[in-house]
Colleague: 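Below are the structure tokens for one structure; questions will follow.
Protein chains get the first letters and strands the later ones, always in sequence-line order, with residue 1 at the start of each. Quick caveat, the model's predicted, so the values are computed rather than measured.
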Amino acid sequence: MTGASAGATASSSMCGSRGRRLGPLCATLAAAALGGCGLGAGDAPGTGVGLTATRDFGSRTLIELDKAKVSGSDTVMRMLDRNATVAKRFGGGFVQEIDGVAGGRSAGRPVDWFFYVNGIESEKGATSVDVNGGDRIWWDHHDWTVTPHIPAVVGSFPEPFLHGRKGRRLPVRVECADPGSKPCGAVAEELIGRGVPAGRSSLSHSPADETLRVLVGPWKRLRGRDIEADNVDSGPRASGVFARFDRGAARLVVLDERGRSARTLGAGSGLVAATRAEARQPVWYVTGTDDAGVASAARAFDESVLADRFALAVEDDLPVRVPLASGRKP
Amino acid sequence: MIAYERRASPLHAARAPVAAAYAVALVSSVLLFEHPLALVALGIAIIGAGVLAGAGPSLARAALFAIPFAIIIAVINPLVVREGLTVVLRLGELGPLGQLDVTAEALEFGAILGLRALLVMLAGGALLAATVDADEVLQRFRRISAHSALTAALAVRLVPVLGRDARRLADARRCRPGAAARPGPAERLQIVRAVATGALDRALDVAATLEVRGYATPAATRGARRLREPWSRHDLAFAASALGLVALALGARLVGVATFEAYPRTQAPVGAAEIVLAVALVIVALLPFADRRGVER
């Protein structure tokens, strides 16, 4: 029995015995119990919760815990407090420093800590987001000159497919430009092998808002199909993806942390990236410049390859970090 | 209203700047510590000093006003702070406040903040007002800035005058037919408005009087002669006590005694060093009261 249901049961038995006089009080208590109120810390998540802290878009790992310490109904902030040395500001609502790495300015550019729950940027602060069983919490300290808003990342794979959002699993659909192709089957099998009941279909023109979608196919087939694809083409400010295809989708340009073109990948290159439009669930792209690029991206659709990456480009089956570190020559 | 009244106590026997420094030292010590044991010791010292100086009733009156403030601080802290690991109450989503979990650590630190506020109000407000002769302080301050001293002296004088005005206006209001014995909020507001208006009139009168008496000329506000008065044993004792309190507080901070961490878990170690410090704070603060010779003057 959850804390909320226990509270509701207790208040209903009291209300039954005292009659009408306690009616309003009972209603308030029941509403409070159902609204997540209660005494004590609440129930702890049933399964382990992962915690990762990295720097510079996942390029350097500071903390990597598969089973972090969690107690009661912890929030993301409290869980971080239990597992790291944290300095905070604004009454404890904003993380300023984790294990000695502080937000502020670095080399004249704004840097701060951002967090993702199951690879999805939160709409609320860390003090208002509950930790659920199986969640992967990822804190990253990075330059936000280009954008402070990166709505989804791929580095927590197999999340969000396995545990969804806010403790609720989401329907998953693999939409492919060619549903019978090998990359499409590989992506679907990877998810099904992890216990994710993923449906497979051709590309849809009417995506459901509550469905997690993985779109597989060459970018020229995916481009312009939905708002998320338009955002990727618009650049990192709109999509949070620091890579974009050229006009003919024949080349993939990888950007650096400052949003500048850092490397151009030619034919046969692939991309695994995620983004999200407002009020919709994330969309993952397993795509490429051509069929060979899509096949490369599908091979990279793997936990060990995607770990701690915001997005991943693939060239000659070799992973290329997205975004690239600024200063690196193409 | 707490006003200075000369009493037969060692603190009153000390010169006003020294007595003021003693109160300021107590306030500074309170602000330098968050450790509950040190704060309790300082609380004992402040109440003890008030009682030994014959200002116990003044402190009690001040406490009546200060305790509600301290409670408000203690209650607000856990509601606005998102720190601490030990959740004792989950209040769920509360609109713009977001998810509100009350933690034991925030409650404890709220209590400490409330206690500090209470002690600051007692030491920096009641004890200072009851034991420090403002006239004497201003007289000495006149050597530094005659205009400022004059302004402060007038302000100090005007406060009780306005208090008496308010009482007279309240008495007059009660004499009106049908008036309640105790004024309600609306009647109180009327009295405050009348007193405020009267204060401006009085200020203009005072300014005119000062000008007529020549206070606008440089000669009238030229620095006063230095008062050469040898330091009494009480001056020396309370000055030493003030220095001792500040030295103890700063020393403890420097060597890491009575350290306190509120978040994420409350850490307030209590060992021999903390106990010795607490006892020392009380002794250093109250020792000057042991010598009661020559307290009448």
Side-chain angles (χ1 to χ4, degrees), chain A residues 2-8 28-44 68-99 117 122-132 166-167, chain B residues 31-36 69-118 120 253 256 259-269:
Chain A
T2 65
S5 62
T28 308
L29 286 175
L34 291 170
C37 305
L39 291 171
D43 296 332
K69 284 181 272 182
V70 185
S71 176
S73 57
D74 266 357
T75 58
V76 168
M77 184 70 88
R78 220 161 29 242
M79 179 204 165
L80 179 68
D81 248 337
R82 277 185 213 287
N83 293 278
T85 307
V86 186
K88 286 172 268 181
R89 291 163 68 190
F90 306 121
F94 180 85
V95 169
Q96 172 64 19
E97 185 179 309
I98 299 176
D99 284 359
V117 180
S122 174
E123 291 141 356
K124 298 177 183 173
T127 54
S128 294
V129 178
D130 284 327
V131 173
N132 296 290
K166 301 175 184 172
Chain B
L31 295 177
L32 281 167
F33 284 115
E34 289 177 343
H35 195 288
F69 280 110
I71 290 171
I72 288 170
I73 291 169
V75 169
I76 286 176
N77 186 65
L79 297 179
V80 296
V81 165
R82 299 288 186 273
E83 305 247 30
L85 294 178
T86 314
V87 178
V88 293
L89 186 63
R90 287 170 288 123
L91 298 175
E93 287 280 335
L94 288 183
L97 292 176
Q99 184 167 321
L100 199 55
D101 292 333
V102 176
T103 63
E105 290 81 7
L107 282 169
E108 288 157 8
F109 194 53
I112 283 178
L113 290 176
L115 178 60
R116 285 173 82 189
L118 174 65
V120 166
R253 290 295 297 262
T259 55
F260 181 84
E261 286 290 333
Y263 308 113
R265 287 195 191 281
T266 305
Q267 290 177 351

Colleague: Search all heavy atoms of Arg82(B) against all heavy atoms of Thr127(A) and return the closest pair with its distance.
Modeller: CB-CG2, 3.3 Å
Colleague: With a 4.5 Å cut-off on heavy-atom pairs, point out which of Thr86(B), Leu89(B), Leu85(B), Leu100(B) contacts chain A the most.
Modeller: Leu85(B)
Colleague: Answer with side chain, backbone, both or neither: which region of Thr75(A) has an atom nearer than 4.5 Å to a non-hydrogen atom of chain B?
Modeller: side chain
Colleague: I need the Thr103(B) OG1 to Arg78(A) CZ distance, nearest 0.5 Å.
Modeller: 7.5 Å
Colleague: For Ser73(A) and Arg90(B), work out which heavy atoms get closest and say how close.
Modeller: OG-CD, 3.3 Å
Colleague: Given heavy-atom pairs under 4.5 angstrom as the criterion, report whether the side chain, backbone, both or neither of Val80(B) touches chain A.
Modeller: backbone
Colleague: Report the C-alpha distance between Leu39(A) and Val88(B) in whole Å, list the side-chain angles of each, state the deciding distance to 0.1 Å, and finish with yes or no for side chain to side chain contact (heavy atoms under 4.5 Å, CB included).
Modeller: CA-CA 6 Å; Leu39(A) 291 171; Val88(B) 293; over 6 Å; no
Colleague: Counting heavy-atom pairs under 4.5 Å to chain B, which of Lys88(A), Met79(A), Lys124(A), Met77(A) comes out on top?
Modeller: Lys88(A)
